[in-house]
There are 2 protein chains.
Amino acid sequence: MLHVAEAARVSVATVSALINGTATVSPELSQRIEQAIRDIGYKRNAIARSLKMGTTRTIGLTVPHITNPFFTDVVSVIQQAFDRAGYAVMLCCTDEDLNTQDDQIRLLLDRMVDGLIVARVGDGAILKGIVEDANVPVVLLDRVCEGVDTDTVVLDNQRAVFDAVTYLIDLGHRRIGYISGSFDISPMHDRMAGYREALQAAGLPIESELVRFGNFHEVDGYNATMQLLSLHDRPSAIFSANNPMVIGTMKAIRDIGLSCPEDISVACFDDFPWSDVFQPQLTTVAQPVKAIGEQAANLLLDRLSGNRDAPPRKLALKGRLMIRNSCRPIGAPLGAVAQSVSA
Amino acid sequence: MLHVAEAARVSVATVSALINGTATVSPELSQRIEQAIRDIGYKRNAIARSLKMGTTRTIGLTVPHITNPFFTDVVSVIQQAFDRAGYAVMLCCTDEDLNTQDDQIRLLLDRMVDGLIVARVGDGAILKGIVEDANVPVVLLDRVCEGVDTDTVVLDNQRAVFDAVTYLIDLGHRRIGYISGSFDISPMHDRMAGYREALQAAGLPIESELVRFGNFHEVDGYNATMQLLSLHDRPSAIFSANNPMVIGTMKAIRDIGLSCPEDISVACFDDFPWSDVFQPQLTTVAQPVKAIGEQAANLLLDRLSGNRDAPPRKLALKGRLMIRNSCRPIGAPLGAVAQSVSA
DNA sequence: AACGCTAATCTAAACGTTTCGAACGTGTCA
DNA sequence: TGACACGTTCGAAACGTTTAGATTAGCGTT
């Protein structure tokens, strides 16, 4: 900018005024300055600007795994929303690891992001400390977090799983295996609560041998399913509380020589693009991904535009059970699929 | 830092020296300073540091669509690599749009990223101009780019498609539909070349009615497939040059009342997590995603660590044909699948 | 002619670091 | 005793912006 100013024989203040339109500058000087900008190929240094202005027009986004289709979609939607608003987004993947997550939030805060969208945090206390230090608006995604009282957008997880498990029960299933993610994040509590609630509502016992835990990865789903399938009295249906794990479930079923839905019914959390293309077409709980991402972005954008003092807003969206053909009625002839019963 | 210096009754220079270890500071002062840092809860301002140092320890990454499984994986790998190296990554999705891409590269350059990984650029000339202005190392991913002579990592696309189409021919297919992405990016040229080369090598005619173009999205694959299937003499196999489009292909096949592989064989580019779980298990060309991402990251990291003058390095990696059961031998009994023939 | 008003422009301080070179105190050596 | 080196600490400039407030010029009023 100094060079531009010299070339145009004006002060840097005038150049800045012209660029930002913060003051009127005469047509004559405007032209000289614009010419100089072109000649020199000047580009404003956003770092210097950020330092002075105290804003980077950049937000931080952390998710556990970008390869989980839910987060893939959410990231995509959020990225688009901030792009439209002229913000850049820094993406971090925490790999479901608490320390990694803390490090990355610090990394983002160090870089003076203007705001933060955090999906699936672990321990609330740590996040709370980090976030209170840096005085930056935060929106929590996909989970509530004890002690961190801030904007939040989540799914009504309990209700969603309740609906899915009730659907299985209505099909005649009595022994329903449940594969949960590890319990340190709230959605897994709520989803489990939905499972138990559905069983209780139907007067079915809650049997601990039917509940398995995994760490969200395909291999965990595989192992959990293997255990469930080798039970003496094996379940007739399995619900997986997480999407990547259901891949493991399907592979375990195949490897053990069974087939879905003939021998065992399967449903899971999170829809994905291929779910209705191949056989079996998985019955899933679809999250309103687009709405979730957009709401989160709007919440943050609103804070960013100055609305800092409004009380925290908590949004809970509804999931939707996508009934396909991976669950079959118990007792019905083998050819029957779910739709014919649930109609 | 000023406050810390005051509280510890030293100069800011000393604080900086201690923090960065750039000069020895006496144990006594060290302790006072560290105490002050804790008391105040001081965090170094990375923006000010970047301004002074001329480096942001941030890189920019642009991809067309994060929802394309190839890019999802590549982004994931790249993110991890830079995370390990202490870099943040700014992610942009260009939606296959040239203007969007230019805007976003400018956005990233404005923010003084230290380096750039660009996947799937359109016009080389524009990129070239942008990149030459900002003197920042760039690595090109997934495509070569005329006129931009810089580090590049791509797949040997022609060979990969040649292998896949040859496989189809070996199965007895004679009319093979081909769905290409739009032609303004190099992989689509190369993949098409592979298709033509395979046909020619087998002495088969190249029929333009069998070749369709789409814009990389599911809906494009759907439309293209609909056209291919309503041909008077419809193809017995379809190869889709892009992964999202093959979803459309499968849906079109289903909607038209055909089934794969009984009525029509399908293969496509890019493997995905579900490919061997459901039926049909799609035969795909798998890219070595992990290697591609890591190589790209290493190339950039190397430049970032000072190796600026080395001549541009061009890496071409080999794809791998994952033979599953979505393609059947022509003329063989209906139950037969690909493996039994290709053994 | 002196005055005030407005519009255009400029000067200089500030943002929070890093770093160069100077300054200071202390001990060593001639 | 003075010169010198060494280890530690500090002052101040610099990075490239923004912006408050000062300055200037032009013009209409009284």
Side-chain angles (χ1 to χ4, degrees), chain A residues 1-37 40-58 86 88 106-107 109-114 133-136, chain B residues 1-37 40-58 86 88 106-107 109-114 133-136:
Chain A
M1 183 179 276
L2 182 61
H3 298 120
V4 171
E6 280 168 359
R9 304 188 306 283
V10 298
S11 76
V12 290
T14 309
V15 177
S16 177
L18 176 66
I19 290 177
N20 299 303
T22 47
T24 49
V25 3
S26 68
E28 190 193 336
L29 290 204
S30 297
Q31 214 204 314
R32 286 219 306 268
I33 294 172
E34 277 160 3
Q35 186 60 49
I37 287 179
I40 298 186
Y42 166 78
K43 300 245 67 188
R44 173 165 71 192
N45 182 322
I47 297 296
R49 178 167 220 262
S50 292
L51 178 59
K52 183 67 191 169
M53 304 284 277
T55 164
T56 51
R57 288 195 84 76
T58 300
R106 264 188 279 264
L107 176 101
L109 255 20
D110 276 359
R111 282 175 172 69
M112 302 271 121
V113 290
D114 291 343
D133 283 353
N135 193 27
V136 145
Chain B
M1 183 178 275
L2 183 60
H3 297 119
V4 171
E6 280 168 359
R9 304 189 306 284
V10 299
S11 76
V12 289
T14 310
V15 178
S16 176
L18 177 67
I19 291 177
N20 298 304
T22 46
T24 50
V25 5
S26 69
E28 190 194 335
L29 289 205
S30 296
Q31 215 203 315
R32 286 220 307 267
I33 294 171
E34 277 161 2
Q35 185 61 49
I37 287 178
I40 297 185
Y42 166 77
K43 300 244 69 190
R44 174 165 69 191
N45 183 321
I47 297 294
R49 178 166 220 264
S50 292
L51 177 59
K52 184 64 191 169
M53 306 284 277
T55 163
T56 52
R57 289 195 82 76
T58 301
R106 265 187 278 263
L107 176 102
L109 257 18
D110 277 359
R111 281 174 173 69
M112 302 273 121
V113 291
D114 291 343
D133 283 352
N135 193 26
V136 145

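Residue numbers begin at 1 in each chain, while the letters A, B, ... track the order of the sequences.
Between the CE atom of B/Met1 and the P atom of C/dA14 there is a distance of 19 Å, rounded to whole Å. As rounded to whole Å, 15 Å separates atom C1' of C/dT18 from atom CG of B/Leu2. Across the protein-nucleic acid pair, B/Lys43 atom NZ and C/dT17 atom C1' stand 15 Å apart, rounded to whole Å. Nucleotide C/dT17 holds its C1' atom 15 Å from the CG atom of B/Leu18, rounded to whole Å.
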When you look at B/Arg44 and A/Asp110, which way does the salt bridge (charged side-chain N to carboxylate O under 4.0 Å, His left out) test go after all the steps? CA-CA 7 Å; B/Arg44 174 165 69 191; A/Asp110 276 359; over 6 Å; no
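For A/Ser26 and C/dT9, the shortest distance from a side-chain N or O to OP1 or OP2 is below 4.0 Å.
Nearest heavy atoms, B/Ile47 versus A/Leu51: CG2-N, 3.7 Å. Between A/Val12 and A/Leu2, the shortest heavy-atom distance links the atoms CG1-CA, 3.9 Å.
Note that the first and last nucleotides of DNA chain D, 5' to 3', having any atom under 4.0 angstrom from a heavy atom of chain A are D/dG16 to D/dT19.
Between A/Ser50 atom OG and B/Met112 atom CE the span is 10.5 Å, to the nearest 0.5 Å. To the nearest 0.5 Å, the span separating CG on A/Leu18 from CD on A/Gln31 amounts to 11.5 Å. Within the model, atoms OG1 of A/Thr58 and CZ of B/Arg111 stand 4.0 Å from one another, a figure rounded to the nearest 0.5 Å. To the nearest 0.5 Å, the span separating OG on B/Ser11 from CE on B/Met1 amounts to 10.0 Å.
Where B/Ala23 and B/Met53 meet DNA chain D, the nucleotide closest to each residue was compared, and B/Ala23 sits on the side nearer the 5' end. Taking for each of B/Thr24 and A/Ala13 the nucleotide of DNA chain D with the nearest heavy atom, the 5'-most of the two is the partner of B/Thr24. Between A/Val12 and A/Glu28, the residue anchored nearer the 5' end of DNA chain C, judged by the nucleotide with its closest heavy atom, is A/Glu28.
Across all strands, A/Leu29 comes closer than 4.0 Å only to sugar-phosphate atoms, never to a base (heavy-atom distances).
Side chains of A/Arg106 and A/Leu109 form no contact here, defined as non-hydrogen atoms less than 4.5 Å apart.
Remark: side-chain polar atoms of B/Asp114 are paired, donor with acceptor, to backbone N or O of B/Arg57 under 3.5 angstrom.
Each end of the helix from C/dA1-D/dT30 to C/dA30-D/dT1 yields a helix axis from five base pairs, and these two axes differ in direction by 80° (to the nearest 10 degrees).
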